[in-house]
2 protein chains.
Amino acid sequence: MSDEHSQTPAGPSEGGTSVPLSDGRIVISVDAMGGDRGPAAVVAGIARSAKKNPRVAFILHGNAADLKRLVNRRKHLRGRCEIRDAKDTVKMTDKPSQVVRHGRDTSMWSTLESVRNGEATVAVSCGNTGALMALSMIRLRKLPGVNRPAIAVLWPSRNPSGFNVMLDVGADVRADEDDLLQFALMGASYARNGMAIEHPRIGLLNVGTEENKGRAELKSAHDMIEAAAPNAGFEFVGFVEGGDIPGDSCDVIVTDGFTGNVAIKTGEGTAKLIGDLLKEAFKFSPLSRIAALLALTSMRRLQKRIDPRRVNGGVFLGLNGTVVKSHGSADATGVAAAVKLAFQLAQKDLANKIKARVASATVPEQDAAAVTKVAE
Amino acid sequence: MSDEHSQTPAGPSEGGTSVPLSDGRIVISVDAMGGDRGPAAVVAGIARSAKKNPRVAFILHGNAADLKRLVNRRKHLRGRCEIRDAKDTVKMTDKPSQVVRHGRDTSMWSTLESVRNGEATVAVSCGNTGALMALSMIRLRKLPGVNRPAIAVLWPSRNPSGFNVMLDVGADVRADEDDLLQFALMGASYARNGMAIEHPRIGLLNVGTEENKGRAELKSAHDMIEAAAPNAGFEFVGFVEGGDIPGDSCDVIVTDGFTGNVAIKTGEGTAKLIGDLLKEAFKFSPLSRIAALLALTSMRRLQKRIDPRRVNGGVFLGLNGTVVKSHGSADATGVAAAVKLAFQLAQKDLANKIKARVASATVPEQDAAAVTKVAE
């Protein structure tokens, strides 16, 4: 019935759909430069992905000589990683506006170009977030009907999947009621395709759960999202609070980019503080050192669950093509996590599904059925 | 030099200054009702405070018969706890506007009345936050020159004190640049008097630390706080991010009540999730159960550090008198933590110091010296 439940694999077509290359592999376009740990960490990460997943292939962008040397050492990348030379690198300190104007020779630009021209469906970069968003906006362009693209992250939660989706976490510092509705639609598609949640529960972030609380645009957004829910295949649970972000009252948390950005950074910082205090606590006495040794496997199991490197992929939604932004400080584990997510989203053809969702929610109701049909 | 460094104890005077009663004790006005655990938890909490601190005394508000019975069981409260009968209790579900209109017989109203008439300097309540704020505004009134009172909380951090101050965390859902400047002044006074940080470092919460980032009102507030810093005895570190809330880059984080509320609830929820996952991890295998036993003291040390009950006191600043809002779910430990904070702030006469600070920052510069002199 729904466009997103179709089992037919998407064939190659105009920019944005998945492109099965040699042996039906899905191609991910990867920016090798611009991360804090340099191209070696990126190549180590994609090699790890290639080993685990025989169906993934890469177009890798950056200094060709360096990359060739790094890639040749990895047997799992043999025949599955094309290298594209790019002279320049976007630095963490570069201003987005300058990168947009003068960044044509950067690895970031080249990475997005492979998505723009249809060679890959999803791009991955550890580089400068602001520059990546600005370049994505002008090179990939917004999906028809999308006003403000958003960055979505996965956040550790009490849900069975272990995660919640939150958006926007920083594509822009503001969002009005129309934007918040679109975030709800995009977030629901992401949860469905990236996390296999058929009928995701959406919550709108506020300072209380009563319907009369919060800012004016939130009250309007509340009613708009509620009205859109039945046709868009999600459940609207109403207002949620900060405590619900790591909770299990919903699967997707919708908020503006300012609030979302502060919330995830506060959560990350708090988790990291607790981790460090825990290490200190275990160093306190000889007895606690022994306890720490015994507790090692328990602790590793926990760390795997809350490790920020494993929820590494911030995803840009609402563009012609999907962009996965990895942490600047991502190591091989972080890059591999971002690639894994990129692969899933490419496989499910997320961008085109969001396109259909937004179209069917913004056209008058009587036309919605027709739009859905076209998208199928 | 500064009003806040004066060592002279404040004498009794018109409403708002500390009131040493019998044996020079400092009197705290406590709402016994309205918390999730009822008056027994409150009485247990103040009894714990009384045992630890011989200089504290209480006026306790609520159902007199019940309270008499509870108080009589606690020897440390003997002769140090006056009971005021109040027929009604503000419920968690009551609307603030209704409490303001019809709440004259509630224990919350009575609690604030003791501060209003000068019998106590600081009030403590575990009740409905919205109602407490609304009642505090109309019964205690805003300090002259204060536009928007704020709720400040202590948040576990990497600083030597173990905590940062953050405000506003929910007195209101918005704040313009003038409000943010006043929050900086009030937060600095709170850090100085509640945490003994002579020259606090203030940060303004944003989505990046670059000066061109964020919303328009934040850019204005940035410049205003920077300009006020030299005369107001704090250091302005500029923009900070969510990760700095549990960090050590500043002592006081200034933000609007919407963002602050979401941030602390996200941080609390994340900390609680990690705690629960940790417990689970330790239950996983027989070996990890043994490890858990050995690790118990380390874990308790850690829990004491990050326990939300110990950072329980949200403080209403900018009123004629200070109000400490304890969590609705506070147990005896939580109530005792709130009373400890209330005692410190009463002892330091915080409200009058904030009054002088705000006055000297809002009058033209040439008059500022005179105002400071008057306040000394």
Side-chain angles (χ1 to χ4, degrees), chain A residues 95 130 155-158 170 173-174 205-208 212-215 241-247 255 257-278 280-285 287-288 290-302 305-306, chain B residues 95 130 155-158 170 173-174 205-208 212-215 241-247 255 257-278 280-285 287-288 290-302 305-306:
Chain A
K95 288 203 173 155
W155 190 254
S157 82
R158 294 175 196 270
V173 292
R174 61 188 70 75
L205 193 60
N206 199 347
V207 294
N212 61 337
K213 278 220 170 176
R215 297 167 169 165
E241 300 183 78
D244 294 301
I245 297 174
T255 188
F258 187 90
T259 309
N261 186 277
V262 168
I264 58 156
K265 285 180 181 164
T266 305
E268 273 178 1
T270 302
K272 202 160 175 329
L273 174 64
I274 295 173
D276 291 350
L277 292 176
L278 203 59
E280 257 174 54
F282 274 125
K283 277 187 199 148
F284 193 76
S285 70
L287 195 64
S288 59
I290 295 169
L293 275 179
L294 288 176
L296 210 60
T297 49
S298 305
M299 297 302 291
R300 284 211 181 117
R301 211 161 27 239
L302 175 63
R305 177 86 190 269
I306 60 169
Chain B
K95 287 203 174 154
W155 189 253
S157 81
R158 294 175 195 270
V173 292
R174 61 187 71 75
L205 192 60
N206 199 348
V207 293
N212 61 337
K213 277 219 170 176
R215 296 165 168 165
E241 300 182 78
D244 294 300
I245 297 173
T255 189
F258 186 90
T259 309
N261 186 278
V262 168
I264 59 157
K265 285 180 180 163
T266 306
E268 272 178 1
T270 303
K272 202 157 175 331
L273 174 64
I274 295 174
D276 291 349
L277 292 176
L278 203 59
E280 257 175 55
F282 273 125
K283 276 186 201 148
F284 193 76
S285 70
L287 195 64
S288 60
I290 295 170
L293 276 178
L294 288 175
L296 210 61
T297 48
S298 304
M299 298 304 290
R300 285 213 180 116
R301 213 162 24 241
L302 174 63
R305 177 85 189 271
I306 59 169

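So that the names make sense, note that chain A is the first sequence line, chain B the second, and so on, each numbered from 1.
In this structure, CD in A:Glu268 is found 10.5 Å from CD in B:Glu241, a value given to the nearest 0.5 Å. Interatomic distance, A:Leu273 CG to B:Ile274 CD1, rounded to the nearest 0.5 Å: 9.5 Å.
With A:Thr259 as reference, B:Val262 is the one residue of B:Val262, B:Asn261, B:Thr266 to meet the side-chain contact (heavy atoms from CB on, under 4.5 Å) rule.
The shortest heavy-atom contact between B:Asp276 and A:Arg158 is OD2-NH1, 2.8 Å.
Annotation: maximal heavy-atom pairing with chain B below 4.5 Å, among A:Gly267, A:Pro246, A:Gly269, occurs at A:Pro246.
For A:Leu205, the parts lying under 4.5 angstrom from a heavy atom of chain B are both the backbone and the side chain. Contact of B:Asn206 with chain A is made through backbone and side chain together, with heavy-atom distances under 4.5 Å.
Distance alone, capped at 3.5 Å, is enough to place a donor-acceptor pair between the A:Lys265 side chain and the B:Val207 backbone.
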